[in-house]
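See below for the structure under consideration.
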Protein chains: 2
Amino acid sequence: MNLKQLSELLGLSQTTVSRALNGYPEVNEATRERVLQAVKETGYRPNKAAQRLATGKAGSIGLVMPTAPGHQSDVHFGEFLTGLGEEAVRHDFHFVIMPADPDDEVAALRRLAISGNVDALFVAYMRGHDPRLAMLKSLSMPFVVHGRSFGTEPDYPYLDIDNEAAFYDAARLLLQLGHTRFALMNGPAHLDFAIRRRNGLIAALGERGLELAEDCTSHTVMTDEEGLVAMERFLQLAERPTAILCSSTVLALGAIRAVNQAGLKLGEDISLIAHDDVLPLLKPENFSVPLTTTRSSLRAAGVRIAQRLIGTVKQAGPFPEQELWKTELIVRASTGPVPQS
Amino acid sequence: MNLKQLSELLGLSQTTVSRALNGYPEVNEATRERVLQAVKETGYRPNKAAQRLATGKAGSIGLVMPTAPGHQSDVHFGEFLTGLGEEAVRHDFHFVIMPADPDDEVAALRRLAISGNVDALFVAYMRGHDPRLAMLKSLSMPFVVHGRSFGTEPDYPYLDIDNEAAFYDAARLLLQLGHTRFALMNGPAHLDFAIRRRNGLIAALGERGLELAEDCTSHTVMTDEEGLVAMERFLQLAERPTAILCSSTVLALGAIRAVNQAGLKLGEDISLIAHDDVLPLLKPENFSVPLTTTRSSLRAAGVRIAQRLIGTVKQAGPFPEQELWKTELIVRASTGPVPQS
DNA sequence: TTGCGTTGTCAAAGCGCTTTGAAATTTCCT
DNA sequence: AGGAAATTTCAAAGCGCTTTGACAACGCAA
């Protein structure tokens, strides 16, 4: 069933039916009723591809999903997608997801944009000096970035959390508790959030004349295995750190296993603060020793970015171009005063 | 840059250029070279919507993502998607994801199909007597179901794991260890896998003249909180169960917390077997007491389903219509002989 | 009655691609 | 050399929709 058939059925022209459907004013109310009724009866749905071709709009936002045979799937991605979806469903928008090798992200993004399948782009996993930004700007397609790109002029639309402040504040808390030996379990070194969190920690330490030792820093993908390995390394150091900052509750999971296996007590021998993306699977309050965290909901960020993206496509703007969300520092039992020894 | 412009640039007709691009034989090799060269230089990409409109194929597979403001995001969904993506990227396919309220899945699926945006559909979260099957069959669009629908003639294309055998085997193991008091922590009662796993357990118990008590069964969404609550309830029973079957490692996470809080020892006081979807986040071997599991990789299932779906669209078939994968029973430390008491 | 502004409807063009059927060109065989 | 066959290219139609610009039909004032 297509427009033509429907209009023939009704004895109207395609134009009129199309207008009736799309809420144009220049059509008789009675006619509109009749059309709507027919749509209900026939179950007619406009062909999206044709609509897209005719209008240039498709009601969809595009994103690239990094994936590869060996590539670990990332819970953060799923959680974020849920947030996007929550908003998208309200506007009858959908997603076009292009899976791509992580090395191929720039090209994949370009393909997605040029394909003419999407109205707007969402970009995540930002890196320092991210090459995608220049490409995106040249594209004249709306986009919003989750995160920022360290070292690039921040003149693009983004939503980010204040990673630097988060870890600065977290470090300050631990400093006030008397800790002086810090370690950082971070995400991959080239990612923007990792850079900023590290800077936040270094800034706080610097104020007390302290430094972050090289061997007390780990940059890895954020899995619990890597957390375990990193923590085991820290624990074998001559000058064992007593305060750990951790970029993810996933990493913390492994780290805590290492602490337990070493027979140490979290919150007493070792204090740990992790960043909490509010993953439904990993609630800091449910850890055997509830975790002190810097918190910001990934899902909420997804909702907000979808709002901005969809709003822009629908010209419902204007939206703020840059948003920087504060994180919450939530103190639980995994932090305590520095142990006497 | 579109086909017309490109063809004018080359002094060829659109037809020839199109044919050159799509690998048709009736075009001179030299001409093809020239076209390919021009494409490289201009960065021309065919408009997908137009292609879709003209051919009826779009190189995309559609799926519905259940989502709602209160709705917990589901790790399993993300993991599965990764699997699909891993295969899709090899064929330059993408996904069209339609977020939809869980109550609206049938309608959402129909919208997605009729929209003309997708070549094939993937369907998950199957229920007993699932109403989507009849709709799908009437649609004349390829689809593959992950799971099955209990109570419906299995004449549709699916890939499922043998849930019944999995829990039957798991129960047998525990029976051999002397356990007689069983409990089941299952997923939502209307879901197909939950029905079959329960049946598997009941069958194994039946062979020994045992029954599964009503108050030793819980059907909940699979979060660690629900696992905790369910296990707490089991532990307060007069005739406390000693053998637990658990439909997810996520549930197990909560269950184990309850066991620990009650001062009991997993693998001694309580034996537990969980089904393991091989979530990267939740490795059974990394639990403080490594978990005995029935295992089947969700991601691998995703890859396989994508193969079948894409193969069908590309007419690369034939593919088996029905596949039933065996699960592995992997014994670790969370199971032990029934405690003497 | 004529003339004018509204209102409701329509035919036709166009979005960018594929594909059909025919035409132009080249190649081959006798 | 002449004609058939094979190769290469093309013009035009069509996919299903939106939108422009024109055209009836109507009511109403003059």
Side-chain angles (χ1 to χ4, degrees), chain A residues 1-36 38-39 42-60 92 111 113-119 141 313-315, chain B residues 1-36 38-39 42-60 92 111 113-119 141 313-315:
Chain A
M1 170 65 58
N2 58 24
L3 226 210
K4 190 170 173 192
Q5 292 168 1
L6 184 66
S7 61
E8 278 166 5
L9 188 85
L10 283 162
L12 292 171
S13 78
Q14 294 190 39
T15 315
T16 307
V17 177
S18 170
R19 294 209 145 128
L21 256 32
N22 295 319
Y24 280 68
E26 58 269 74
V27 47
N28 195 326
E29 262 320 306
T31 314
R32 192 190 304 273
E33 273 310 314
R34 213 154 64 81
V35 171
L36 257 30
V39 165
T42 57
Y44 164 80
R45 290 274 150 194
N47 179 310
K48 286 274 181 192
Q51 244 169 350
R52 165 75 186 163
L53 192 55
T55 59
K57 301 259 162 268
S60 70
D92 196 25
R111 279 204 305 278
I114 306 187
S115 78
N117 257 332
V118 301
D119 300 325
M141 171 171 290
V313 171
K314 289 193 167 178
Q315 323 230 4
Chain B
M1 170 64 59
N2 57 26
L3 226 210
K4 191 171 172 191
Q5 292 168 1
L6 184 67
S7 61
E8 279 166 6
L9 188 84
L10 283 161
L12 292 170
S13 77
Q14 295 188 40
T15 315
T16 308
V17 177
S18 171
R19 293 209 148 128
L21 257 31
N22 295 319
Y24 280 67
E26 57 268 76
V27 49
N28 195 328
E29 261 322 304
T31 315
R32 194 192 301 275
E33 274 310 314
R34 215 155 61 81
V35 171
L36 257 29
V39 165
T42 58
Y44 164 81
R45 290 274 150 191
N47 179 311
K48 286 273 180 188
Q51 242 170 352
R52 164 75 186 163
L53 191 56
T55 59
K57 301 257 163 272
S60 69
D92 196 26
R111 279 204 305 277
I114 307 188
S115 78
N117 257 332
V118 302
D119 301 325
M141 170 172 290
V313 171
K314 289 192 166 176
Q315 322 231 8

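Below, chain A is the first sequence line, B the second, and so on; all start at residue 1. Values reported hereafter were calculated over all heavy atoms of this structure, with side chains retained and with hydrogens, waters and symmetry mates removed.
Side chain of R45(A) to backbone of G116(B): no donor-acceptor contact under 3.5 angstrom is found. In this structure, the side chain of N22(A) does not engage the main chain of Y24(A) through any donor-acceptor pair within 3.5 Å. Between the S18(A) side chain and the Q14(A) main chain, no donor and acceptor come within less than 3.5 Å of each other.
Look at T15(A) and you won't find any side-chain N or O under 4.0 angstrom from OP1 or OP2 of dC10(C).
Between M141(B) and I114(B), every side-chain heavy-atom pair lies at or beyond the 4.5 Å cut-off. No side-chain heavy atom of N117(A) sits under 4.5 Å from any side-chain heavy atom of N47(B).
When each of Y44(B) and E26(B) is assigned the nucleotide of DNA chain C bearing its nearest heavy atom, the one mapping closer to the 5' terminus is Y44(B). Two residues, T55(A) and P25(B), neighbour DNA chain D, and the one matched to the more 5' nucleotide by heavy-atom proximity is P25(B).
For the contact set between residues 2-13 of chain B and DNA chain D, defined by any heavy atom under 4.0 Å, the members are G11(B), L12(B), S13(B).
Running 5' to 3' along DNA chain D, contacts with non-hydrogen atoms of chain B at under 4.0 Å begin and end at dT8(D) to dG16(D).
Between R19(A) atom CZ and dT7(C) atom C1' there is a gap of 12 Å when expressed in whole angstrom units.
For Q5(B), the side chain to side chain contact (heavy atoms under 4.5 Å, CB included) test picks out M1(B), N2(B), with sequence neighbours left out.
The nearest pair of heavy atoms linking Y44(B) to L3(B) is CE1-N, 3.6 Å.
Checked against D119(A) for a salt bridge (Lys or Arg N to Asp or Glu O under 4.0 Å), the options K314(A), R52(A), K57(A) give a single hit: R52(A).
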